[in-house]
Novice: 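Right, I'll just put the structure down here and ask away after.
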Protein chains: 2
Amino acid sequence: MVRVGLTTERLIRAGAELADEAGFDHVTVAALARRFDVKTASLYSHLKSSQDLKTGIALLALEELADRGAAALAGRAGKDALAALANVYRDYAREHPGRYAAAQLRLDPETAAASAGVRHAQMTRAILRGYDLTEPDQTHAVRLLGSVFHGYVSLEMGGGFSHSAPDSQETWTRILDALDATLRNWPAP
Amino acid sequence: MVRVGLTTERLIRAGAELADEAGFDHVTVAALARRFDVKTASLYSHLKSSQDLKTGIALLALEELADRGAAALAGRAGKDALAALANVYRDYAREHPGRYAAAQLRLDPETAAASAGVRHAQMTRAILRGYDLTEPDQTHAVRLLGSVFHGYVSLEMGGGFSHSAPDSQETWTRILDALDATLRNWPAP
DNA sequence: TCTATTTGCCTATAGGTATTAGGCAGATGC
DNA sequence: GCATCTGCCTAATACCTATAGGCAAATAGA
């Protein structure tokens, strides 16, 4: 009975790797146990439940994403900042599809409020400082940007844009151009 | 041994109802069997697998959505058409959250090509006839609209906009205004 | 109407996942 | 060096998916 040195931390990190390799929906307590060459039941000393594991991966992903976003935004403003943050999401999803999928997990309100999710909203709002929007319009714009980032990345990852011209990168650039123009010329009600 | 009269058709339709009531991820062959007061194994005469059931629900949802879209677009053009199709997605997701979630299921290429999914792309393209866009820009715009519709609806359903002002309906209206303006003034590369 | 065939739903079975309870043996503290 | 703690184990329960083979109800043919 060799002790492998399991930790909640290590398990969640390994779970994130498993998610990226096999897909988030293949993340199971059993699969994770196999990865450590340990019996499934052993993980329950460190994890409350399967849901707990998934939530942990989601929180990790949200944090990594927020860190990358903060780094990308530093020293940038306006369209530059817009494109930088947008690319953080898209690139992260391509590098870490499983983690990105985890980040979409619906969290219960308390967990969400304590997560890095709030930093994401703040970062998007920070971008809008480079544009001239009134307060309620800022919220509308935050929601628009969130929708486009999430929507585009999720459709792209689902293969929606794979087999047709023009290629996805071209569209992505043009969509960021369009969003920039929209924010500069935000229509009155 | 009373025969209940199971059919693939009936099973998929009941599965869609189950999805709306309990959530798409609670749709299982076992749960569906309980609903018909029948043993789980009995469903395998009509369904190849659990995946088969889920795919069936997805195809049903895509078709219902496409039908609603076609009806909504009839006789409309420009911003009117844009708002009509957008509302079809949003309303459908609210009325049938389970089916809507099913429609996001990733289908294998052949299945997708034979699905109502292609009608969705056609409808979005049809909207763009009311705007003045060159061919490649039309594709970019189709992808933008798809991203916003899907992204917004999915964030809204995840509760992302629930507990903050202004309310979601207001934002939705303003986003449609912004999209209309963007399409009318699509920026050159 | 009676018989023969089809077929719908059943039982039995095997294997996968989640989760809890209780046990033994390394690791740790005095 | 001994006592305690704690990490991983075995055992057990309860689902879920899926396949194989059986019996009886429905259907077709005479």
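The figures here come from the full heavy-atom set of this structure, side chains too, leaving out hydrogens, waters and symmetry mates.
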Novice: According to salt bridge (Lys or Arg N to Asp or Glu O under 4.0 Å), who are the partners of Arg143(B), at least two apart in sequence or on a separate chain?
Specialist: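 Here no residue qualifies.
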Novice: Using a heavy-atom distance cut-off of less than 4.0 Å, which residues of residues 46-58 of chain B contact DNA chain D?
Specialist: Ser49(B), Ser50(B)
Novice: Just checking, is any N or O donor in the side chain of Thr55(A) or Asp52(A) under 3.5 Å from an acceptor N or O on the other one?
Specialist: no
Novice: Which pairs with one or both residues in residues 145-160 of chain B pass salt bridge (Lys or Arg N to Asp or Glu O under 4.0 Å), sequence neighbours excluded?
Specialist: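 As it turns out, the salt bridge (Lys or Arg N to Asp or Glu O under 4.0 Å) pairs with a partner in residues 145-160 of chain B, which skip direct neighbours, are Arg90(B)-Glu156(B), Arg94(B)-Glu156(B).
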Novice: Does any residue of residues 27-45 of chain B have a heavy atom under 4.0 Å from DNA chain D, and if so, which ones, in number order?
Specialist: Thr28(B), Val29(B), Ala30(B), Arg34(B), Ala41(B), Tyr44(B)
Novice: Quick one: list whatever passes salt bridge (Lys or Arg N to Asp or Glu O under 4.0 Å) with Asp91(A), sequence neighbours left out.
Specialist: none
Novice: Report the distance from atom NE2 of His26(B) to atom P of dT17(D), rounded to the nearest whole Å.
Specialist: 12 Å
Novice: I'd like to check the ring-ring contact (aromatic ring centres under 6.0 Å, His included) partners of His140(A); sequence neighbours left out, ordered by chain and number.
Specialist: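 ring-ring contact (aromatic ring centres under 6.0 Å, His included) check on His140(A) returns nothing, list empty.
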Novice: By the ring pair (Phe, Tyr, Trp, His ring centres under 6.0 Å) test, which pairs, at least two apart or in different chains, include something from residues 102-127 of chain B?
Specialist: Tyr89(B)-His120(B)
Novice: Going by the ring pair (Phe, Tyr, Trp, His ring centres under 6.0 Å) test, which pairs reach into residues 17-63 of chain B, not counting sequence neighbours?
Specialist: none
Novice: For Glu135(B), which residues count as a salt bridge (Lys or Arg N to Asp or Glu O under 4.0 Å) partner, sequence neighbours excluded?
Specialist: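 With sequence neighbours excluded, Glu135(B) shows a salt bridge (Lys or Arg N to Asp or Glu O under 4.0 Å) to Arg125(B), given in chain and number order.
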